[in-house]
Amino acid sequence: MMDLIKIREQFPILNQKINNCDLIYFDNAATSQKPISVIESISDFYKKSNSNIHRGVHSLSRSASEQFELARKTVANHFNIDNEQQLIFTAGCTDSINIVAQGLAKFHLQKEDEIILSTYEHHSNILPWQLWAKENKGVLKIIPLLANQNLDYDSIEKLITHKTKLIAITHVSNTLGLITDIERIISIAKKHQLPILLDGAQSAPHMPVDLKKLDVDFFVCSAHKLYGPTGVGLLYLSQKWLDKLPVSKSGGGIIKSVSFENTEYADGALRFEPGTPNISGVIGFSNAIKFINNIGITTIFEFEKKLVQHAQKKLREMPEIIMYGESDEKAGVISFNVKNHHPFDIGTLLDNYGIAVRTGHHCTQPLMQDLKIQGTVRISFAIYNTIEEINYFIEKLKKVIKMLQ
Amino acid sequence: MMDLIKIREQFPILNQKINNCDLIYFDNAATSQKPISVIESISDFYKKSNSNIHRGVHSLSRSASEQFELARKTVANHFNIDNEQQLIFTAGCTDSINIVAQGLAKFHLQKEDEIILSTYEHHSNILPWQLWAKENKGVLKIIPLLANQNLDYDSIEKLITHKTKLIAITHVSNTLGLITDIERIISIAKKHQLPILLDGAQSAPHMPVDLKKLDVDFFVCSAHKLYGPTGVGLLYLSQKWLDKLPVSKSGGGIIKSVSFENTEYADGALRFEPGTPNISGVIGFSNAIKFINNIGITTIFEFEKKLVQHAQKKLREMPEIIMYGESDEKAGVISFNVKNHHPFDIGTLLDNYGIAVRTGHHCTQPLMQDLKIQGTVRISFAIYNTIEEINYFIEKLKKVIKMLQ
Amino acid sequence: MTIKEIEKEIIEEFEIFGDDWESKYEHIIDMGKSLPLINLNLKTNNRIIKGCQSNVWLNTDLINDKILYTADSDAIITKGMIALMVRVLSNQKAEDIVKADMDFINQIGLKEHLSPTRANGLLSMINEMKKEALKRI
Amino acid sequence: MTIKEIEKEIIEEFEIFGDDWESKYEHIIDMGKSLPLINLNLKTNNRIIKGCQSNVWLNTDLINDKILYTADSDAIITKGMIALMVRVLSNQKAEDIVKADMDFINQIGLKEHLSPTRANGLLSMINEMKKEALKRI
Ligand SMILES: Cc1ncc(COP(=O)(O)O)c(C=O)c1O
Ligand SMILES: Cc1ncc(COP(=O)(O)O)c(C=O)c1O
């Protein structure tokens, strides 16, 4: 059994008071809070072994380099990546997607090619492709929604043409919390020999992700959404792409030799990590992974599912609530609106009770356009949230609605 | 007067023992150590106000956003930037240069154009341009060295043709510590209406940089070399380029509106900061700037100059030492070799006395090729280094040389 | 009444609530509800002040040397905040509007709405009102 | 002597130095100096093991069922470390070389040289020696 009290004790921020109320943090899909082990791994690094990595002959540099490469192993293990060189540390999920988009633009994508995305996509998995499309007369084809706000998987085959070159899709909708049937998409992609980019920003924090089993071409996520620090993310490349993807960002530390005329690049992950990386961030990231593994990602998934089910049940009892993408199988996210009230009003008033929710389009404007709404109120959970917090939230939500009437 | 003891007390890492010796950290050009105020600003952020920024209606998000934008003001002030929107936070100096190179490739650089660099350049200010050159039959023209290892400024005019589109140059050589006569280069550039990218990775930590006065088009540097955290840097754009430089990296948070067909980008710095930024890193950065301002960047420059002069004097007394780019006006860096001995041997043995130096090519292989050497031993200073440390280093260097004979 | 006088009146009105933020917000919501609606045909795109979250429509008229504002928003709290602004600034001389420091917002304990990063952008609303006034000096 | 026997000899040799790293390194440097030089015409590019900092040239011969290594480096400490490796692995059967665990490096207190991030890459040196041996089984 999971000891929720012990878990909550590890998050110093949960002691903060907002407007004299206890903080109830339901904005985890935007960024999660950090356990003390992660926070201290960063300060410890700066207090004890800070140094630039790679190539240093002195002890600090050796120690920092070892911690950095050990972190790569820890994170790679968690996602079941055999060869840790396939795991590249980036500045975040958005950075990772841009690296793939820029690399593919040089090597794989031709003018007027087509890329398949879904209606769920976060702007970060739309705009890098749109940039490419604008410059190359490319076409973005969109997997539509069914009436129940699930993706219309049957439509995918029909979207594929001989010009289709990639499927870039989110693993979990950050607005609805619905989980993509990625196995199904993978089997379609395999059939048509299409590479897949899987946006794991919202799956990695909430559910097991086995990259060996999934065998996608690219997987991306951000550390800050899974109990880790800001400014660091990962890009997983399949072995094929590790060798083939062209470098689009270059600089110090990723070479075998350089002259003004020519450069011989290093092998492996290094090739995609130009410049001084976010060393303390990477170390914090690996400590976040350790935190998750101490609890177990499956335990986290099951626990958060209970939170979602409880919250949905309570919300369902309120006739003025419209929920989007209701489902019992979700990754910690619920989006709703209150009839005749603007999400901004709900969010502002809840904040006065110490409840942090997110309101607006959640960087998924095309999804909003599809749902024909301006925005939603989104509550999203992490391992430190409780049933009591949900009950308090429901109580205050009712009060807020009354205030607005 | 500067109180060196008080300054040293602010750096917890200086209490570390290396092989039972006190740590003497002379690898500051690779990365500097961090004062406790910077370390604690990061943990405090995670303990008290961690949240994603922009657009949040809740209190934490508002507080985090305010700290982030205040940090932008603090850093902008330090570099005398009037409009803080001209200051973009990036993942580091290398990232900044790549953003400029990719943006210019879309808008300013034509096939077969020419870019002027100097022999001093760090790989991070070579490879992004080389990538562009390879794909576009571009030409990199190199400002050569004089016999005294200064740049041959007289040659610049001769390098400029009607195809020249940019001068990208370092402010300080990270290998030699020599300071570029940037005013002279700026006046040449202005005369020919050439934009300038100034690589401030090694100047910003050591000397005053007034961007209003310099009036360059692009200025870049990394926080981790100026007492700040890893994973964050800055890109300054002149007002003209802030409006004109195309976005090459895109994603969430930088838009006014998005549909699958089209995107309206935000104004100002935001346009170049897609995805969740390194929020804690930016806050740490601004606290590093505050640390510098508490001492005064001019005081730092004068103090480090004394260290350089003292160390050069001592080294000059040793007949077996070859120094590169000797000068009394340096930004904290000295490179040398010991006749008939490999820098790696010197570095390895010094490490056993607790002295951290860097050996090798320092990511400036073209400079090494020009000097016809494999590498150097580099010592580089920061505000916490002392004359006593230099004396101890000289003593041990003599011992090391004896051991090798 | 001058701007300062109206501000004083509002400050006194809010003083009654003390620290009771619920009543304060209820008052703002009530003001939002009673804000005289902008003419539907004036709710055009060029009258929109885009916030990140809620939209505001602002119409400005100059009548007898005085500026008259009408406005609307899709969020009621935003609308209440505009109602407060309209009450203070409407029916005043353009010169006075441009000079107004609007510091009363701090004093009635709604300072967080003035933050430049605030999602509904009260600040950009005030800036827009001043800009429109300035045009008519 | 077998690999294990030579390793034992070396461990005993280094034990005398105790914690005195200066003597230890002096010993390594001496070994570097006395490493029989690789034939100049064998110092070709295909025999280079590129480290980040110092270069190593390695030549491998098979004579009477035994592997013979000669090597060189531009850095003397690296050269001393190779001398140590050559002393242990040269003149041994390929099978034995491939199996050698080289753990004695830990035991003589030069563990830091075995770190995969070590700038001179002793590990890649050992790997290269084993690879060459494997080719000749
Ligand atoms: C002159 C110069 N330019 C650029 C860089 C790259 O900086 P970073 O590795 O922080 O991206 C460095 C760092 O070594 C440098 O010294
Ligand atoms: C589904 C999805 N993809 C991508 C991103 C972008 O992540 P980041 O902002 O950390 O780069 C997010 C974050 O909101 C997300 O939810």
Side-chain angles (χ1 to χ4, degrees), chain A residues 12-13 16 18 30-31 33-34 39 42-43 46-48 50-52 55-60 91-92 94-95 98 122-124 127-128 130-131 140 142 224 229-231 249-252 255 257-260 263 274-276 278-281 344 347-348 351 356 358-360 363 365-366 369, chain B residues 12-13 16 18 30-31 33-34 39 42-43 46-48 50-52 55-60 91-92 94-95 98 122-124 127-128 130-131 140 142 224 229-231 249-252 255 257-260 263 274-276 278-281 344 347-348 351 356 358-360 363 365-366 369:
Chain A
I13 204 167
Q16 286 296 105
I18 304 292
T31 198
Q33 297 304 335
K34 325 300 172 199
I39 301 173
I42 297 168
S43 25
Y46 286 129
K47 286 179 187 169
K48 291 180 191 155
N50 173 62
S51 173
N52 213 325
R55 253 192 297 275
V57 297
H58 60 79
S59 303
L60 282 186
T94 302
D95 190 36
N98 278 283
H122 186 279
H123 294 165
S124 287
L127 300 193
Q130 199 179 65
L131 264 188
L140 306 183
I142 312 304
H224 73 90
T230 54
K249 204 155 90 170
S250 193
I255 53 102
S257 69
V258 170
S259 70
F260 280 119
T263 295
T276 304
N278 187 348
I279 308 172
S280 71
F344 172 78
T348 303
D351 178 50
R358 186 131 306 219
T359 62
C363 290
Q365 285 195 357
Q369 288 149 19
Chain B
I13 204 167
Q16 285 297 105
I18 305 292
T31 198
Q33 298 304 336
K34 324 300 173 201
I39 301 173
I42 297 168
S43 25
Y46 285 129
K47 287 179 186 169
K48 291 179 190 154
N50 174 61
S51 173
N52 214 323
R55 253 191 299 275
V57 298
H58 59 79
S59 303
L60 282 185
T94 303
D95 191 36
N98 277 283
H122 186 279
H123 294 166
S124 287
L127 300 192
Q130 199 179 65
L131 266 188
L140 305 183
I142 313 304
H224 72 90
T230 54
K249 204 154 89 170
S250 193
I255 54 100
S257 70
V258 169
S259 70
F260 281 120
T263 295
T276 303
N278 187 350
I279 308 172
S280 70
F344 172 79
T348 303
D351 179 49
R358 187 130 304 219
T359 62
C363 290
Q365 285 194 358
Q369 289 149 19

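This structure is a prediction, so every number in the text was calculated from the model and none was measured. No hydrogens, no waters, no symmetry mates; every other heavy atom, side chains included, goes into these values. Each chain gets a letter, A, B and so on, in the order the sequences are listed, and its residues count up from 1.
If you measure heavy-atom distances from B:N98 to chain A, the contacts under 4.5 Å come from the side chain alone.
Using modelled atom types, one finds no donor on one side chain facing an acceptor on the other under 3.5 Å when comparing B:S43 with A:Y46.
Top candidate by heavy-atom pairs under 4.5 Å with chain A, chosen from B:T31, B:T359, B:D95, B:L140, is B:T31. Most heavy-atom pairs under 4.5 Å with chain B: of the set A:S280, A:P274, A:G252, this distinction falls to A:G252.
To the nearest 0.5 Å, the span separating CD1 on B:I42 from CD1 on A:I42 amounts to 7.0 Å. Going from atom CD of B:Q33 over to atom CG of A:L60 covers 6.5 Å, rounded to the nearest 0.5 Å. Taken from NE2 in B:H58 to CZ in A:R358, the straight-line distance is 4.5 Å, to the nearest 0.5 Å.
Using a distance-only test at 3.5 Å, with no hydrogens or angles considered, no donor-acceptor pair links the side chain of B:Q130 to the main chain of A:S250. Under a 3.5 Å cut-off, the side chain of B:N52 and the backbone N or O of A:A30 do form a donor-acceptor pair. A donor-acceptor pair is defined here as one N or O able to donate and one able to accept, closer than 3.5 Å; no such pair exists between the side chain of B:Q365 and the backbone of A:S259.
In this structure, A:I39 and B:K47 approach most closely via the heavy-atom pair CD1-CG, 4.0 Å. Contact detail for B:S59 and A:I18: the closest heavy-atom pair is OG-CG2, 3.4 Å. Contact detail for B:K249 and A:K249: the closest heavy-atom pair is NZ-NZ, 4.2 Å. Smallest separation of non-hydrogen atoms from B:G281 and A:T230: N-OG1, 4.4 Å.
Each of A:T276, A:N50, A:N278 was scored for a side chain to side chain donor-acceptor pair (under 3.5 Å) with B:H224, with one residue passing: A:T276.
Taking A:H122 as the reference, A:S124, A:N174, A:C363 meet the side chain to side chain contact (heavy atoms under 4.5 Å, CB included) condition, with sequence neighbours excluded.
Put simply, the side chain of A:V57 does not reach to within 4.5 Å of the side chain of B:D351, judged on heavy atoms. Counting only heavy atoms from C-beta outward, the side chains of B:H123 and A:V258 approach each other to under 4.5 Å.
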